[in-house]
Amino acid sequence: MTDFSPKSEFLRVMFERGYVHQCSDFAGLDALAAKREIVAYVGYDCTARSLHIGSLVSIMMLAWLQRTGNTPITLMGGGTTQIGDPSFKDEARKLLSLDEIEINKAGIREVFAKVLRFGEAPGEARMIDNAEWLTRLLYLPFLRDVGRHFSVNRMMTMESVRQRFEREQEFSFLEFNYMLLQSYDFVELARRHGCNLQMGGSDQWGNIVTGIDLGRRMGTHQLYALTCPLITTASGAKMGKTAQGAVWLNADMLSPYEYWQFWRNTEDADVGRFLRLFTFLPLDEIARLAALGGAEINEAKKVLATEATALMHGREAAEAAAETARRTFEEGRAASDLPGIDVPAAELATGLGVLAAFVRAGLVASNGEARRQVQAGGLRVNDRVVTDPARVLTAADATEAGAIKLSFGKKKHVLIRPV
RNA sequence: GGGGGAAUGUCCCGAGCGGCAAAGGGGGCGGACUGUAAAUCCGCUGGCUAUGCCUUCGUAGGUUCGAGUCCUACUUCCCCCA
């Protein structure tokens, strides 16, 4: 794989930027890409109201695919989500109701229009839902047409599920069918839309090549697999976890400001790699930024944060987030567009306990935690460390900007606005 | 079908001779040092109207002044024999 030098622009970008983990046939895929004839899909199950940055690598792959003249398909898993992918899972996830799936699907759809151009013409992206065909399958015909091509023996030896069997953990027949459905999706997309490539995370390798196999047995054109590596941070942690949980892509789940902050806090050693994976900046520019040493690397992190945020939330929101961060961290002022909560003026008039205020702002989970943080010196009001847990906030604490700034640690700030 | 073991702080692992808000890790959070980084060191890591009160150890009962700890039944999981 390392000595392969691609002729097509698409594969060249994939290699240069670090998107490639495994491919079923580099040369074959390269030939298709050179003719700009790739029609590639990535499937997204509707397990939450928004995708998180775990899905971002594959979204970027689709974006590059389109930018290099090929055709992307985003497949919503309206059908497969009703089953749940067992790959590399310790236990079955709980079944989602059809209503939940619909809500999630609606939330997830939004993100793709930001990096892909949709339409009907060649080279324009399609959005398809596998519920379209999966919900209409008839059991016996499906078993006879598709099921007969699957070897249970072989499926049980697949890496993605082997642990489940080895540990003798429950593996339901429902889950067992996921692989059949995903494989069938690939065939269906090949037939309906001329799809010839499925991309995804490295954990999807088994499911994807099984689909290629099914295609061959069911007489489609040649299908291909291309997977990207699972992204971890330089210090080995799974990427995309914050105190609040996952790093969501939708603004209603995680504000652009917080999203910007996530990227801003990237480890030094990851800056170059993340710039290549998560921005469209040219490689020479990235090389220059990644070469910055010592404190100067912070400039590169700001570029990363702003570019990555602009991709998901728009240039304007990204610049605003950058500016808020600059005022907050570099000037130590209370930028007015920090996250904030409204508190009735009447309540402030009678006095609001600091502990309760921090809980209300969502910075700490309980009064008890707030109390402990006071002892640790982790809470500040208008940049002054809180030392007295009995302290009461009143309207007099509002600064000239008209708000009270609560800080938890060095990085989390919330404004209390009297209304 | 028979025999033996296990379920602990709702993030995970895990100690716990009847006095336990319950050892120790990991993870997470805060503080110090830095550069909003990493590494390192220190602290915290049930709730509350808080020198006290309330709720936690698979579920439901029982013994006891007092139960995570003992007894009974049930649930789930693991191991051995058949």
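Model, not experiment: these values are computed from the prediction. Sequence lines set the chain letters: A, B, ... in the order given, protein chains first and strands last, and positions in each chain run from 1.
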Touch class at under 4.0 angstrom, heavy-atom based, for A:Ile297 against every strand present: base

A:Glu296 CD to B:U34 P, straight-line distance once rounded to whole Å: 19 Å

Donor-acceptor pair between A:Asn177 and A:Tyr184 side chains, under 3.5 angstrom: no

Integer-rounded Å distance: B:C29 P and A:Gln373 CD: 11 Å

Separation of B:C44 P from A:Phe408 CZ (nearest whole Å): 15 Å

Pairwise P distance for B:G58 and B:A6, with rounding to whole Å: 12 Å

B:A38 versus B:G27 - spacing of their P atoms, nearest Å: 13 Å

Short side-chain N/O contact to B:A32 OP1/OP2 from A:Lys410, under 4.0 Å: yes

Sugar-phosphate, base or nothing in reach of A:Asn367, heavy atoms under 4.0 Å: sugar-phosphate

side-chain N/O A:Lys411 vs B:A37 OP1/OP2, d < 4.0 Å: yes

Minimum-distance pair of heavy atoms, taken over all atoms of A:Gln182 and A:Tyr41: O-OH, 3.8 Å

Base orientation of B:C20, syn vs anti, 90° cut from 0: syn

Atom C1', compared across B:C41 and B:U49: separation rounded to whole Å: 38 Å

Counterpart base for B:A37, defined by Watson-Crick or G-U wobble contacts under 3.5 Å: none

Distance, rounded to the nearest Å, where A:Asn298 contributes CG and B:A38 contributes P: 11 Å

Sugar-phosphate only, base, or nothing, as touched by A:Arg372 at under 4.0 Å among non-hydrogen atoms: sugar-phosphate

Spacing between A:Phe262 atom CZ and B:U36 atom C1', to the nearest angstrom: 14 Å

Distance, C1' atom - from B:G16 to B:G30, rounded to whole angstrom: 29 Å

Whole-Å gap separating C1' (B:U36) and NZ (A:Lys302): 10 Å

Rounded distance in Å - CD (A:Gln375) to C1' (B:U45): 13 Å

Mate of B:G43 where both pairing distances stay under 3.5 Å, Watson-Crick or G-U: B:C29

Side-chain N or O of A:Lys412 closer than 4.0 Å to phosphate OP1/OP2 of B:C29: no

Sugar-phosphate, base or nothing in reach of A:Trp263, heavy atoms under 4.0 Å: nothing

Under 4.0 angstrom between A:Ser366 side-chain N/O and B:G47 OP1 or OP2: yes

Base partner of B:U72, which must satisfy Watson-Crick or wobble distances under 3.5 Å: B:A60

C1' atoms of B:C81 and B:U72, separation to the nearest Å: 27 Å

Heavy-atom pair with the smallest gap, counting every atom of A:Met199 and A:Leu62: CE-CD2, 3.7 Å

C1' gap between B:C20 and B:G68, integer Å: 8 Å

Sugar-phosphate only, base, or nothing, as touched by A:Glu330 at under 4.0 Å among non-hydrogen atoms: nothing

First encountered from the 5' end of RNA chain B, between A:Arg380 and A:Trp260: A:Arg380

Steps toward ring-ring contact (aromatic ring centres under 6.0 Å, His included) verdict (A:Trp248, A:Tyr259): CA-CA 8 Å; A:Trp248 302 106; A:Tyr259 191 74; over 10 Å; no

Aromatic centroids of A:Phe176 and A:Phe150 separated by under 6.0 Å: no

Within the 6.0 Å centroid threshold, strictly below: A:Phe118 and A:Phe112: no

Whole-Å distance separating the CZ atom of A:Phe274 from the C1' atom of B:A37: 12 Å

Mutual orientation of the aromatic rings belonging to A:Phe15 and A:Phe4 [parallel < 30°, tilted 30-60°, perpendicular > 60°]: tilted

Distance, P atom - from B:G47 to B:C33, rounded to whole angstrom: 29 Å

Inter-nucleotide C1' distance (B:G66, B:A22), Å rounded: 16 Å

